[in-house]
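We count ligands from 1, going down the list as the structure has it; atoms in each ligand are counted the same way. Counting from 1, the numbers follow the sequence of the chain as shown.
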Amino acid sequence: MAIELFNDGKHKCVKFDDLFRGSEVPANQFLLVNDKRGVLLDPGGNKLFSQLTAEIAPFCPPQRLESIVLSHQDPDVGAGLNGWLLISDATVLVSELWVRFIPNFCTSSLAEDRVVGIPDAGAELGFGDAWLDLVPAHFLHSPGNFHVYDRTSKILFTSDLGASIGPDKENITSRAEFERHIPFMAGFHQRYLPHSAACKQWAAHVRQYPIDMIVPQHGARFSGPEAVNCFIDWVDQLVGALG
Ligand SMILES: [Fe+2]
Ligand SMILES: [Fe+2]
C-alpha cells in the first residue's frame, strides 16, 4: 500500500512498504513528487522493479523521474537500478565512494555519465520548486552514506539508521510508543551501526534541522516532535558493538 507521508497538493512524499513477497529483508521505497517531477529514494532490488514501477505510476510516470538517490551501495538500496535507467532519463546520485561500484548493478552503457558522486560534505538537490539536502551520515552504516532531508515536508529519510525488523506499529508518535519500539531496532543497530562516535556526530548535526518526521529504509517511522526527539536522543547515546 502506498502511504502518503506528505501531500500539500503540489508536493508529495510517498512510502511503499509492502512490496516484498520473498525471504529478503523487507524494505521501504520512497517517491517524492513536486510539480509532476519525481525523485526516487532507495528503490531496491530487481524483484521490486515491476511492482514499484506500477505503484509509482499514479503519482509520477517513470519518464518524469529526474533523479534516483541511493543512500549507500547495498543491494536492498539499488540492485534494481538497471531497469530504472532503462525506463527513465534519471540521474543516479550516490556517495562518490561508490560511483565506480554502482555500475556493477547495470549495463555499462546505461550507467555511463548517469551516476554522479555526492561529495563527503553533502549537497543540495533541486526538483520542481523543491529542495532536498543530501545529509552526510557516514559509517551509519556505510562509509559513504547519505540521508535525505526534504525542506518542504520537513521529513528526514534516514536509510538504515532507525531500521526496525518486524515492528508492530508503522508510525511511532509518542515516548511510550517509542519505548515499546526499541526492541525492534536494538539488535540491528548493535551489529550494523556499531560506531557510537558516528551516532553522536549525526545527532548533533540533525538537531539543527526542523524535522517533522524521521523515516528509515526498514520498518516504522517516527512522527511529531516527541517521537522525533526520542529517536535522536536514542541514537545520541547508542553504544554499538565497537563502542
Ligand atoms: Fe545497508
Ligand atoms: Fe537497508
Could you tell me if Trp202 and Thr158 have a donor-acceptor pair between their side chains, going purely by distance under 3.5 Å?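 Distance-only check fails for Thr158 and Trp202.
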Within the 3.5 Å criterion, strictly below it, is a donor on His11 or Asp129 matched to an acceptor on the partner's side chain?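 No pair is found: no donor N or O on one side chain lies under 3.5 Å from an acceptor on the other.
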With Asp160, the side chain to side chain contact (heavy atoms under 4.5 Å, CB included) member among His189, Gln217, His147: Gln217
Does Leu238 belong to the same Ile/Leu/Val/Met/Phe/Trp/Tyr cluster as Phe231, with side-chain heavy atoms less than 4.5 Å apart forming each link? yes
Please determine if the Fe ion (ligand 2) has an N/O/S atom from Gln217 lying under 2.8 Å away.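 Yes.
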If the cut-off is 2.8 Å, does any N/O/S atom of Asp76 fall short of it from the Fe ion (ligand 2)?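 Yes, since at least one N, O or S atom of Asp76 sits under 2.8 Å from the Fe ion (ligand 2).
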Closest to the Fe ion (ligand 2), which N/O/S atom of His218 is it?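 In His218, the N, O or S atom with the shortest distance to the Fe ion (ligand 2) is NE2.
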Can you say whether the rings of Tyr192 and Phe188 are parallel (under 30°), tilted (30 to 60°) or perpendicular (over 60°)? parallel
OD2 (Asp74) - the Fe ion (ligand 1) - NE2 (His141) angle, nearest 10°: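 Asp74 OD2 and His141 NE2 form an angle of 90° at the Fe ion (ligand 1).
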For the Fe ion (ligand 1), what is the closest N, O or S atom on His72?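 For His72, the N, O or S atom at the smallest distance from the Fe ion (ligand 1) is NE2.
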Using 2.8 Å as the threshold, say whether any N, O or S atom from Asp160 sits that close to the Fe ion (ligand 1). yes
